[in-house]
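Remarks on the structure that follows.
Every heavy atom of this structure was used, including side-chain atoms; hydrogens, water molecules and symmetry mates were not. These figures come from a predicted structure and were not determined experimentally. Proteins get letters first, then strands, A, B, ... in listed order; numbering begins at 1 in each.
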There are 2 protein chains.
Amino acid sequence: MSKPRLEMIAETRAKLIAAARHAFGTVGYAESSMDDFTAGAGLTRGALYHHFGDKKGLLQAVIQELDAEMTARLNKVSAKAPSLWQGFVDEYTAYIEMALEPEIQRIVFRDGPAVLGDMSQWPNANGCIAALRKSLAELKADGTIIDVDEEATARLLNGASIHAAMWIANSDDPQSTSIQAVGGFRALLEQLRVRAN
Amino acid sequence: MSKPRLEMIAETRAKLIAAARHAFGTVGYAESSMDDFTAGAGLTRGALYHHFGDKKGLLQAVIQELDAEMTARLNKVSAKAPSLWQGFVDEYTAYIEMALEPEIQRIVFRDGPAVLGDMSQWPNANGCIAALRKSLAELKADGTIIDVDEEATARLLNGASIHAAMWIANSDDPQSTSIQAVGGFRALLEQLRVRAN
DNA sequence: GCCACTTACATACGTGGCGTATGTCGAGAC
DNA sequence: GTCTCGACATACGCCACGTATGTAAGTGGC
């Protein structure tokens, strides 16, 4: 009568990830007590260690979930754009805007690198970086942008956009800083286009 | 007969900062035990709490010291260059190379932001960012580079260079990745120059 | 030159959080 | 129906941080 076994397991995993995601996203990784948020999810640390091994393992799982969501959102953005170039710009803008969301910023861009090392080395959680690189490759093949090293450029733009997001997020006046940062970033992207002349 | 008071105090502060710097730079902030490295410096946690308030305060002091050193190094690099543009490129290259040094990378670029928040908001430790922005402003005034928002561009380039450094540092083959990353970065900078045409 | 006071540290203690070892209960295999 | 295994809970030890308290040395006023 009770639900199938696998389903219940998936449910507890999901509950733990959701609780951890909330805790990590609000008070941060280091300040999150595993006892606290497992209790909030109606479980104990036992379940947690059983499924994820340790606190870092849980963080990995949370990041993997976040990355998957972010990648899906980015793909949606670029699919909706009227041109490759527009899609590219929109994608990066969306990326910056996502990095402004407190949960993503804290977990993916701050605590994640500090605890797990640099993002570019994460095994199952760099879907959005891949998505952005793919767009760049298409534009290069398409002749829209100048001949640059895809890998390097994608990573540099990635770093610039993350930093832009941090700048906005920590600004006294996020509204105007956002305009300034996104404007500057678009200007930078514009330099990559092949000159009409 | 004993040394002047203030001198002894400065000495203990220096010893604590040096010990913490080493510990933070090697095992990382979170894994550094204050008991351990204070003992290594011939002191106890009492001295530490007296001078720095808490562990974060000590990290701040360490970062401030590192930033001062980095700023001095950057200024030396740009002063030595034969032209403003060359100085600019050299400065950013030097910045990337500094971010490759394990101590700086770990403390300033990884643990620092995670514990103290984004670098751009640090009160007494953004000398090198200021130095880089100054170079950019000079180039703009000089007409060497196109008209961009100084503040925004400096921050974006800053983010890109940090990310480049992380990429190199975490690469399987740092040597070749370094060439790729620095090359890509220079190509990006090149786009900012006013076209000869 | 003595005394009150402050300052720079050391020592002792409580608390809390992580990880692990152990226990238990229910579900499926046969 | 028993047996086994896996999903979780419980209990324990350890370590690290922060704080409260102690102490000895230095400093200023008279």
Worksheet item: Expressed in angstrom and rounded to an integer, what is the separation of A:Leu48 atom CG from D:dA9 atom C1'?
Response: 13 Å
Item to complete: Go through the side-chain N and O atoms of B:Ser33 and B:Asp35 and say whether any donor and acceptor fall under 3.5 Å apart.
Response: no
Worksheet item: The side chain of A:Leu43 lies closest to which of these nucleotides: D:dA9, C:dA10, D:dG18?
Response: D:dA9
Practice prompt. Please list residues of residues 49-58 of chain B whose heavy atoms come under 4.0 Å from any atom in DNA chain C, ordered by number; otherwise none.
Written response: B:His50, B:His51
Worksheet, complete the sentence: When rounded to whole Å, the CD to P distance for the pair A:Glu11 and D:dG6 reads 21 Å
Worksheet entry | Those residues of residues 26-33 of chain A lying under 4.0 Å from DNA chain C by at least one heavy atom | A:Ser32, A:Ser33
Worksheet item: Do A:Tyr92 and A:Asn158 get their side chains close enough for a donor-acceptor pair, meaning under 3.5 Å?
Response: no
Discussion item. Once side chain to side chain donor-acceptor pair (under 3.5 Å) is applied, do any residues pair with A:Thr44, and if so which ones, sequence neighbours excluded?
Written reply: none
Exercise answer: donor-acceptor pairs, residues 111-123 of chain A side-chain atoms, under 3.5 Å, sequence neighbours excluded:
from: A:Asp111; atom 1: OD2; to: A:Tyr29; atom 2: N; distance (Å): 2.9
from: A:Asp118; atom 1: OD2; to: A:Ser120; atom 2: N; distance (Å): 3.3
from: A:Asp118; atom 1: OD2; to: A:Ser120; atom 2: OG; distance (Å): 2.5
from: A:Gln121; atom 1: NE2; to: B:Asn170; atom 2: O; distance (Å): 3.1
from: A:Trp122; atom 1: NE1; to: A:Gly117; atom 2: O; distance (Å): 3.0
from: A:Trp122; atom 1: NE1; to: A:Asp118; atom 2: O; distance (Å): 3.4

Discussion item. In whole Å, I'd like the distance from the CZ atom of A:Arg45 to the C1' atom of D:dA7.
Written reply: 17 Å
Response to the item:
Partner of A:Arg133 under salt bridge (charged side-chain N to carboxylate O under 4.0 Å, His left out), picked from A:Glu91, A:Glu151, A:Glu150, is A:Glu151
Worksheet item: Separation of A:Met34 atom CE from C:dT20 atom P, in whole Å?
Response: 11 Å
Worksheet entry | Integer-rounded Å distance: C:dC13 P and B:Asp35 CG | 15 Å
Fill in: Heavy-atom check, side chain of A:Phe37 versus side chain of A:Val27, under 4.5 Å
no
Discussion item. Applying ring-ring contact (aromatic ring centres under 6.0 Å, His included), can you list everything that pairs with B:Tyr49, at least two apart in sequence or on another chain?
Written reply: none
Worksheet entry | side-chain N/O A:Thr12 vs D:dA7 OP1/OP2, d < 4.0 Å | no
Response to the item:
A:Met8 atom CE is separated from C:dG26 atom P, nearest whole Å, by 12 Å
Worksheet item: Roughly how far, to the nearest 0.5 Å, is the NZ atom of A:Lys55 from the CZ atom of A:Arg45?
Response: 10.5 Å
Practice prompt. Rounded off to whole Å, could you give me the CZ-to-P distance for the A:Arg13 and D:dA7 pair?
Written response: 10 Å
Which donor-acceptor pairs under 3.5 Å do side chains of residues 176-188 of chain B form with protein atoms, sequence neighbours excluded?
from: B:Ser176; atom 1: OG; to: B:Asp173; atom 2: O; distance (Å): 3.4
from: B:Ser176; atom 1: OG; to: B:Asp173; atom 2: OD2; distance (Å): 2.9
from: B:Thr177; atom 1: OG1; to: B:Ser171; atom 2: OG; distance (Å): 2.5
from: B:Thr177; atom 1: OG1; to: B:Asp173; atom 2: O; distance (Å): 3.0
from: B:Gln180; atom 1: NE2; to: A:Asp149; atom 2: OD1; distance (Å): 3.3
from: B:Gln180; atom 1: NE2; to: A:Asp149; atom 2: OD2; distance (Å): 3.1
from: B:Arg186; atom 1: NH2; to: B:Thr93; atom 2: OG1; distance (Å): 3.1

